[in-house]
Structure formats: C-alpha cells, structure tokens
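One structure is given here, and the rest of the page talks about it.
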Amino acid sequence: MSVEIAFPDGLEQGAVDGLGTLLETLGGGELVEAPLIAAVSLLGRSEVRSHLAAMQPPAGQGVVHESQKLERHAPLETGTPLRLAVTEESNKAARLFSFHLAGANGLAVSLETRLRFVTPEEMARFRGSLFPERMNTPATKWLESAAFDSRAVQRYLDISQDKNPIHSDPEAASAVGLADPIVPGLLVAGVGEAVCTALRPDAAVAAMQWRFMAPVPIGAVLRFGLQPRSDTTARLFAVNAETNMIAAIGEIRF
C-alpha cells in the first residue's frame with residue numbers, strides 16, 4: 001500500500017502545544033520545536049484512518065509495537081500545508097509502516113513503525129529483561145519521569161486520536177494477554193526526546209530509533225538513562241522504576 005494525503009491547514013498549533021507540554025511535564029526539558037512525534041496528531045484524522053486499517057490486529061489477537069524510528073529533516077511548522085506519504089509492507093504477522101511528512105520546503109519528518117500481531121499467550125510472555133548494573137557506566141545520566149498515569153495517557157490519546165482500547169480499558173487489555181492497560185510506545189518515545197533535552201540542553205534531537213522490550217503499565221514511572229556514545233550520538237534506556245525491567249532502548253542522534 002502506498003498513498004499520499006494532503007493537509008491544507010497542516011498541524012494545529014493547539015495540538016502541537018498540548019503535546020509538547022505533556023512531554024515536558026512527563027520528562028522535563030523544553031522542546032523548542034514541534035516534538036518529533038507531533039505527526040501523531042494527523043494520524044487519527046478521518047482522511048488517514050481509513051488507510052491504516054492494517055494496523056489493527058485480527059480478532060482475538062493483540063498488537064506489539066516492536067520498534068519506532070523518527071527523524072527530523074527540517075523544522076515542522078504549524079498552520080502550513082503538509083503532505084503525508086504512507087507506505088505499508090506486510091507479511092502474515094508483521095506490518096511495517098513508513099510515514100513521510102513534507103511541507104513547502106520538502107521533507108520535514110519521517111517515521112517508521114513496526115508492528116507484530118500476537119496471540120494472548122504470546123503477549124503474556126513479553127516481560128522484558130532486568131537492567132544489568134554493569135551497563136550503568138559513570139558517564140550515564142539518569143532522570144526519572146513523572147508517572148504515566150491515566151490522565152496523562154488520556155491526554156495523549158485525545159491528541160493522537162488513538163482508539164486502541166488496550167491503552168484505557170482493563171478488559172480490552174486482558175483480552176489480548178496484558179495484565180493492565182499500557183502506555184503507547186510513541187508516548188514513551190516522545191518523552192524520551194524531552195528527557196534528552198533536559199539532560200543535554202546544549203543539543204537538539206535529530207533522530208531516534210527505539211526498540212520496545214516490555215509493556216509499560218499505566219501508572220508506571222520510568223527511569224531514563226542517557227549514555228553518550230560520541231559527541232552526536234547516545235543510547236537512552238527506559239527502565240521501569242519499580243521492577244528495574246528495561247521497557248525500551250533508544251538510539252539517539254543529536
């Protein structure tokens with residue numbers, strides 16, 4: 001599948017500001033531009049939603065957000081015409097979606113989302129692994145998020161128009177093998193950008209590549225550890241503060 005969708009009015013300033021405030025509240029920092037995940041406010045619009053039916057799992061299965069890539073190519077302005085190109089590749093159990101958002105000056109932001117459909121039994125086995133203390137180097141800087149409580153998650157769901165009930169309905173979460181409703185992966189990634197801004201105020205995030213290791217239950221607090229790899233790259237660990245389980249690992253480019 002490959003489609004291109006035009007948004008004559010572009011991103012709404014209120015949605016971008018609301019998303020930025022949410023990410024800063026949860027993760028700190030100050031996002032001086034539109035967040036890398038700002039395009040989520042377009043994905044729930046009616047002209048897009050009909051093209052994303054393949055993101056929904058078959059009846060009786062759940063969907064695992066395996067990985068997420070985000071890259072900023074140019075500033076993303078609000079209130080200006082945008083074009084969204086969507087490409088989908090799929091096999092029996094997996095879906096790969098590529099999103100390229102362009103404005104008058106060309107490509108602004110690209111996103112790549114990898115999903116996998118699983119049975120409830122398979123979903124129940126996703127628990128991640130403990131963060132090994134040997135990986136906590138002296139150079140690693142840590143920041144603890146605010147709680148990803150139901151109010152914060154609902155604010156994200158409203159902005160993104162994410163209708164997946166596993167993020168808000170305990171019965172829907174249980175039906176696909178989850179112990180509790182879970183935080184959307186893109187929200188974790190977005191908070192990761194705010195954390196990077198707080199821990200490295202001298203640099204802006206240009207790209208992030210996330211691998212999601214375990215579900216993050218609503219109400220969880222995450223410890224983010226930023227580990228430098230070079231002057232312009234770092235690894236960012238998202239660790240459940242209560243269980244010490246790795247929820248996600250991000251590769252960051254500044």
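What's counted below: heavy atoms across the whole structure, side chains too, no hydrogens, waters or symmetry copies. Quick caveat: nothing in here was measured; it's all calculated off a predicted structure.
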**OP:** Please indicate whether Asp231 has more than 12 foreign heavy atoms, meaning atoms of other residues, nucleotides or ligands, lying under 6.0 Å from its CG.
**Re:** no

Original post:
Less than 4.0 Å between a side-chain N and a carboxylate O, is that true for Glu66 and Arg211?
Top reply: no

**OP:** Establish whether Leu43 and Val153 are linked, either directly or via other cluster members, by ILVMFWY side-chain heavy-atom contacts under 4.5 Å.
**Re:** yes

Original post:
Once you round to the nearest 0.5 Å, how far does CG of Asn244 lie from CD of Glu133?
Top reply: 8.0 Å

Original post:
Hey, quick one: are Val86 and Val63 part of the same hydrophobic cluster, counting side-chain heavy atoms closer than 4.5 Å, chains of contacts allowed?
Top reply: yes

Original post:
Between Ala38 and Leu11, which heavy-atom pair has the shortest distance, and what is it?
Top reply: O-CD2, 3.8 Å

**OP:** Tell me, yes or no, whether the heavy-atom count around Glu242 atom CD, taken from other residues, nucleotides or ligands under 6.0 Å, exceeds 12.
**Re:** no

Original post:
Looking at side-chain heavy atoms only, is the closest gap between Pro35 and Val16 below 4.5 Å?
Top reply: yes

**OP:** Compare all side-chain heavy atoms of Arg229 with those of Arg235 and state whether any distance is below 4.5 angstrom.
**Re:** yes

Original post:
When rounded to the nearest 0.5 angstrom, what is the spacing between CZ in Arg72 and CG in Leu107?
Top reply: 12.5 Å

**OP:** Please check if any side-chain donor atom of Ser110 sits under 3.5 Å from a side-chain acceptor atom of Glu112, or the reverse.
**Re:** no

**OP:** Quick one: closest heavy-atom pair of Ala108 and Pro75, and the distance?
**Re:** CB-O, 4.2 Å

**OP:** Could you tell me the separation between the CG atom of Leu187 and the CG atom of Leu26, rounded to the nearest 0.5 Å?
**Re:** 6.0 Å

Subject >> Closest approach of Met208 to Leu36 (non-hydrogen atoms, all atoms of both residues) >> reply: CE-CD1, 3.9 Å

Original post:
Side chains of Leu236 and Cys196: closer than 4.5 Å at any heavy-atom pair?
Top reply: yes

**OP:** Could you please spell out the steps behind the side-chain contact (heavy atoms from CB on, under 4.5 Å) verdict for Thr197 and Val32?
**Re:** CA-CA 9 Å; Thr197 303; Val32 294; over 6 Å; no

Original post:
What are the two closest non-hydrogen atoms of Pro217 and Val183, and how far apart are they?
Top reply: O-CG2, 4.0 Å

Subject >> Flag, side chain of Gln227 to backbone of Met135, donor-acceptor distance under 3.5 Å >> reply: yes

Subject >> Pair Arg49-Leu52, side-chain contact (heavy atoms from CB on, under 4.5 Å): steps then yes or no >> reply: CA-CA 5 Å; Arg49 201 158 45 231; Leu52 300 183; 5.8 Å; no

Subject >> Pairwise side-chain contact, Phe224 with Leu226, heavy-atom cut-off 4.5 Å (strictly under) >> reply: no

**OP:** Treat each ILVMFWY residue as a node, draw an edge where side-chain heavy atoms are under 4.5 Å apart, and state whether Val188 and Met245 are in one component.
**Re:** no

Original post:
More than 12 foreign heavy atoms under 6.0 Å from CD of Glu89: is that the case here?
Top reply: no

**OP:** Given side-chain contact (heavy atoms from CB on, under 4.5 Å), test Glu251 with Thr233 step by step and report yes or no.
**Re:** CA-CA 7 Å; Glu251 302 296 336; Thr233 62; over 6 Å; no

**OP:** List, by chain and number, the other hydrophobic cluster members for Val176, where Ile, Leu, Val, Met, Phe, Trp and Tyr join if side-chain heavy atoms come within less than 4.5 Å, directly or indirectly.
**Re:** Val64, Val118, Met123, Phe126, Ile166, Leu178, Ile182

Original post:
When hydrophobic residues are tied together by side-chain contacts of less than 4.5 Å, even through go-betweens, does Val221 share a cluster with Trp142?
Top reply: no

Original post:
Just how far is it from atom CG of Leu115 to atom OG of Ser90, taken to the nearest 0.5 Å?
Top reply: 11.0 Å

Original post:
Please walk me through it: do Ile5 and Leu42 pass side-chain contact (heavy atoms from CB on, under 4.5 Å)?
Top reply: CA-CA 10 Å; Ile5 304 162; Leu42 297 174; over 6 Å; no

**OP:** Could you tell me which non-hydrogen atom of Ala147 sits nearest to which non-hydrogen atom of Gly219, and how far apart they are?
**Re:** CB-O, 3.9 Å

Subject >> Spacing of CG belonging to Asp9 relative to OG1 belonging to Thr78, to within rounding of 0.5 Å >> reply: 11.5 Å

**OP:** Can you sort out the partners of His167 under ring pair (Phe, Tyr, Trp, His ring centres under 6.0 Å), two or more places apart, ordered by chain and number?
**Re:** none

Original post:
Just wondering, do Leu222 and Val191 contact through their side chains at under 4.5 Å, heavy atoms?
Top reply: no

Original post:
Does one hydrophobic cluster hold both Leu199 and Trp210, with members joined at side-chain heavy-atom distances below 4.5 Å?
Top reply: yes

Subject >> Pairwise distance CG(Leu186) to CG(Asp162) - rounded to 0.5 angstrom >> reply: 9.0 Å

**OP:** For residues Gly29 and Ala198, report the shortest heavy-atom separation together with the two atoms involved.
**Re:** N-CB, 3.3 Å

Original post:
Would you say the side-chain atoms of Ser160 pair up with the backbone N or O of Tyr156, donor to acceptor, closer than 3.5 Å?
Top reply: yes

Original post:
Is it true that Glu122 and Arg116 make a salt bridge, defined as a side-chain N closer than 4.0 Å to a carboxylate O?
Top reply: no

Original post:
Is atom CG of Asp169 surrounded by more than 12 heavy atoms (other residues, nucleotides or ligands) closer than 6.0 Å?
Top reply: yes

Original post:
Taking C-beta and beyond as the side chain, do Val205 and Leu70 meet within less than 4.5 Å on heavy atoms?
Top reply: no

Original post:
Taking the side chain as C-beta and beyond, is there a heavy-atom pair between Gln68 and Arg114 under 4.5 Å?
Top reply: no

Original post:
Would you call His65 and Thr113 a side-chain contact if the rule is heavy atoms closer than 4.5 Å?
Top reply: yes

